[in-house]
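The structure appears below as structure tokens.
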Amino acid sequence: MPNMQAEGKQKGESKKNRMSKLYNQQVYQLLKGGDHTDSRGNDSTESSSLPPSTRAKLHKIFGLIEKEFETVYLENVSLQEKLDTMTEKLDRESIGTVNDRNIGMDEIDGFASFRSNSSSASKVFSSSGRKLQSHTNKLKYQTTKIMSGLKAGPAVSVNPVKRYSGHKDGVWEVAVSRLGLPILGTVSADQTAKIWGMHSGSCLLQYQGHSGSVNSIRFHPTKELVLTTSGDGTAHIWQCAVNMHNESSSGRVASSEDELDPTEREFLDGHDYEDSSQCSVLRTPLRSLQGHSGVVISGDWLPGGEQVLTAGWDRLASIWDADTGELIQQLGGHDEELTHCATHATQRLVVTSSKDSTFRLWDFRETIHSVSVFQGHQDTVTSAVFVPNTDLIVSGSDDRSAKVWDLRNMRTAVATIQSDSAVNRIGVSSSGLIAVPYDNRNVRIFDLTGNRLARLPRSSHQGHSRMVCSTAWANEGSQRPNLFTCGFDRQVIGWAVQPRDQQEEKEGFRLNLSLRGKDMASLKDHLYKEPKEGKI
């Protein structure tokens, strides 16, 4: 019997390993280019040893399996939307909705009088057992409803403003111009990068110079240049010259119909008014950086923009001369593939993330550079980024956590954000807001102490319907939209994030203090008393 159990366990583990290996192969193929060609460009099916008839049967079977999975997935999405709708309705309930005061008061008083006027205990328990249970359940419901109304609402309000549609496959990353221009960039597994008008939602430029999935994008800090990295093993620097005649500093689309707000109308209508004839196509880079032996997963500009940092699946990070394309230095030390890299805005500091569950801080401020290893995660570190104007780093991991680190004390994290799903590429605003994207299509906003401030809407009509891959903030917090998210549903969404009214927060805080330590009678008096004149 023990042998059979051990044998069954080994079979289960073997099956799990095979599934994991197949998943990794699929992700690798997607990041490398998303096609079915080998490194020489030949069709991989030609070199197959399977007979054509067998291969055709297998294709047909896998096609049927794919349809079944798609049906189940759509049912899942539908059920999740219904659940989200019910949850949002419950969240909107407040203390003011408890207006049926007579029911609650009569039931409580009736129960008390019933007990006082009963002549014997046997009569109470024999004739009114069910009534007693009913009263108890209703009292619990009323109490729960009241206490849920006392919970503080989100500290910031989040509303969808704009959709940027046009990619034909999952969107890996989104970035915002650092020159203050109202443009953003996205990269996709469809082997293209796109530059969008922030307010019009139109595609202004499409870059088609890569032959594999485009995995990351970064704007130059002072010039109209863009850096992209790809599964074809290269990083490209190309000119981002776009015509922004449809963009305005006010955040509105230039239009003769001033009475209409095209931003809100376009989002609510769910239509993309992009004119494909207005989208220029660029195929030739200014510089192609070649030196990695596999997928180049991420890249960034060093301060000043004269040098470029790239990270690859060959476990190396490389520093390049942006003008000549010369390889200056390679950074080794990670035990597994790199997943992300980032640079400090003003200092020569670099951070690299890896599947080995660590991220490394490289300090080039001195002649002899130093390296610090952060080992606070239990799984792949998907990203680590610097917090603007601070000595902090925020990291995210597949272990379902995000952590805030102080560069002056790297032993333990100063804050930990635990969640229910793997974390992808994090974005941090200049005001210290952390936008965390998750595999389960959620996006949540936290402060630097780990407190959750808001959750972005996640219904398919407003949010993402599949995994959210990346988030990015606009450099100016006053811009609308000022937060951008992208996902594997091929969608890029712009959000307006702003603090709630300070007066509302004060009133809610005062209410919580006034109710703290009070009994049920005082609580009912507080809820049902008439509001003072002049106040709502």
Side-chain angles (χ1 to χ4, degrees), residues 31-33 172-173 175 177-179 185 187 191-193 195 207-241 282-334 336-354 359-371 383-386 425:
L31 287 170
K32 192 173 181 180
W172 293 119
E173 192 170 79
S177 171
R178 299 166 67 178
L179 295 176
V187 291
Q191 304 185 6
T192 68
I195 304 298
Y207 180 70
Q208 300 178 355
H210 287 289
S211 59
S213 168
V214 191
N215 301 323
S216 76
I217 182 169
R218 287 290 184 276
F219 287 90
H220 193 282
T222 59
K223 300 177 182 179
E224 292 183 343
L225 297 177
V226 172
L227 169 69
T228 52
T229 64
S230 173
D232 61 14
T234 67
H236 288 181
I237 299 173
W238 42 278
Q239 185 76 37
C240 177
L282 178 66
R283 295 184 176 88
T284 306
L286 297 175
R287 194 75 56 202
S288 179
L289 309 177
Q290 303 180 17
H292 286 281
S293 60
V295 171
V296 186
I297 196 66
S298 183
D300 204 352
W301 300 89
L302 270 74
E306 297 178 356
Q307 295 178 346
V308 163
L309 172 72
T310 57
W313 280 9
D314 55 6
R315 306 182 184 182
L316 296 174
S318 301
I319 297 178
W320 312 77
D321 186 298
D323 293 328
T324 65
E326 178 186 357
L327 177 61
I328 299 174
Q329 187 175 359
Q330 287 186 322
L331 312 178
H334 283 288
E336 295 187 38
E337 294 95 330
L338 272 61
T339 57
H340 190 258
C341 67
T343 61
H344 195 280
T346 58
Q347 304 181 56
R348 290 185 64 82
L349 295 172
V350 167
V351 61
T352 56
S353 310
S354 171
F359 66 95
R360 295 179 175 234
L361 176 67
W362 310 78
D363 190 345
F364 296 99
R365 292 175 294 186
E366 303 294 336
T367 305
I368 301 177
H369 73 264
S370 61
V371 183
S383 66
V385 296
F386 293 95
R425 294 183 175 179

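Between Phe219 and Cys240, some side-chain heavy-atom pair lies under the 4.5 Å cut-off. Between Val385 and Val351, the closest side-chain pair of non-hydrogen atoms is not below 4.5 Å. Side-chain contact between Phe364 and Ile319: present, with at least one pair of heavy atoms (C-beta onward) separated by less than 4.5 Å. In this structure, the side chains of Thr343 and Leu349 stay at 4.5 Å or more apart for every pair of heavy atoms. The shortest side-chain heavy-atom distance between Val214 and Trp172 does not fall under the 4.5 Å cut-off. In this structure, the side chains of Pro303 and Thr346 stay at 4.5 Å or more apart for every pair of heavy atoms. Using a 4.5 Å cut-off on side-chain heavy atoms (C-beta onward), Ser383 and Phe359 make no contact.
For Thr352, the side-chain hydrogen bond (donor to acceptor under 3.5 Å, both in side chains) partners at least two apart in sequence or on another chain are His334, Trp362. For Pro221, the side chain to side chain contact (heavy atoms under 4.5 Å, CB included) partners are Arg178, Trp301, not counting sequence neighbours. For Trp320, the ring-ring contact (aromatic ring centres under 6.0 Å, His included) test picks out no residue, with sequence neighbours left out. Residues satisfying the side-chain hydrogen bond (donor to acceptor under 3.5 Å, both in side chains) test with His340, not counting sequence neighbours, are none. In this view, Gln208 and Thr192, Gln206, Val281, Arg283 satisfy the side chain to side chain contact (heavy atoms under 4.5 Å, CB included) rule, not counting sequence neighbours. With sequence neighbours excluded, the residues satisfying salt bridge (charged side-chain N to carboxylate O under 4.0 Å, His left out) with Asp363 are Arg365. Considering only residues two or more places apart in sequence or on other chains, Glu337 meets the side chain to side chain contact (heavy atoms under 4.5 Å, CB included) condition with Trp313, Lys355. Take Arg218 and apply the salt bridge (charged side-chain N to carboxylate O under 4.0 Å, His left out) test, not counting sequence neighbours, and it matches Glu173, Asp300. Contacts of Arg348 classified as side-chain hydrogen bond (donor to acceptor under 3.5 Å, both in side chains), with partners at least two apart in sequence or in another chain: Gln307. Considering only residues two or more places apart in sequence or on other chains, Ser288 meets the side-chain hydrogen bond (donor to acceptor under 3.5 Å, both in side chains) condition with His236, Gln290.
Nearest approach of Ala322 to Ile237, heavy atoms of both residues: O-CD1, 3.8 Å. A pairwise comparison of heavy atoms in Gly185 and Ile195 identifies CA-CD1, 4.1 Å as the closest pair. Listed here is the closest heavy atom pair of Thr310 and Ala235: CG2-CB, 3.8 Å.
To the nearest 0.5 Å, atoms NE2 (His210) and CH2 (Trp238) are separated by 8.5 Å. Atom CG of Leu361 and atom NE2 of His369 lie 11.0 Å apart (nearest 0.5 Å). The distance from the CG atom of Leu316 to the CG atom of Leu338 is 8.0 Å, given to the nearest 0.5 Å. Atoms OG1 and CD1, from Thr339 and Ile297 in turn, are 8.0 Å apart once rounded to the nearest 0.5 Å. Atom CZ of Arg315 sits about 10.0 Å away from atom OG of Ser293, to the nearest 0.5 Å.
Although no hydrogens or angles enter the test, the distance criterion places a donor-acceptor pair under 3.5 Å between the side chain of Ser216 and the main chain of Gly299. A side-chain donor-acceptor contact under 3.5 Å links Ser230 to the backbone of Asp232. A donor-acceptor pair is defined here as one N or O able to donate and one able to accept, closer than 3.5 Å; no such pair exists between the side chain of His292 and the backbone of Gly294. Formation of a donor-acceptor pair under 3.5 Å by the Asn215 side chain with backbone atoms of Thr229 is not found in this model. Judged purely by atom type and a 3.5 angstrom limit, Ser298 uses its side chain to pair as donor or acceptor with the backbone of Cys341. One N or O on the side chain of Ser353 and one on the backbone of Ala384 form a donor-acceptor pair closer than 3.5 Å.
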For this session: Starting from the C-alpha separation in whole Å, work towards a yes-or-no answer on side-chain contact (heavy atoms from CB on, under 4.5 Å) for Leu289 and Val308.
Result: CA-CA 10 Å; Leu289 309 177; Val308 163; 4.0 Å; yes
Problem set entry | Candidate pair Val226 and Tyr207, rule side-chain contact (heavy atoms from CB on, under 4.5 Å), full reasoning | CA-CA 10 Å; Val226 172; Tyr207 180 70; over 6 Å; no
Using distance only, find each side-chain donor-acceptor pair of residues 325-333 under 3.5 Å and give its atom names and separation, not counting sequence neighbours.
none

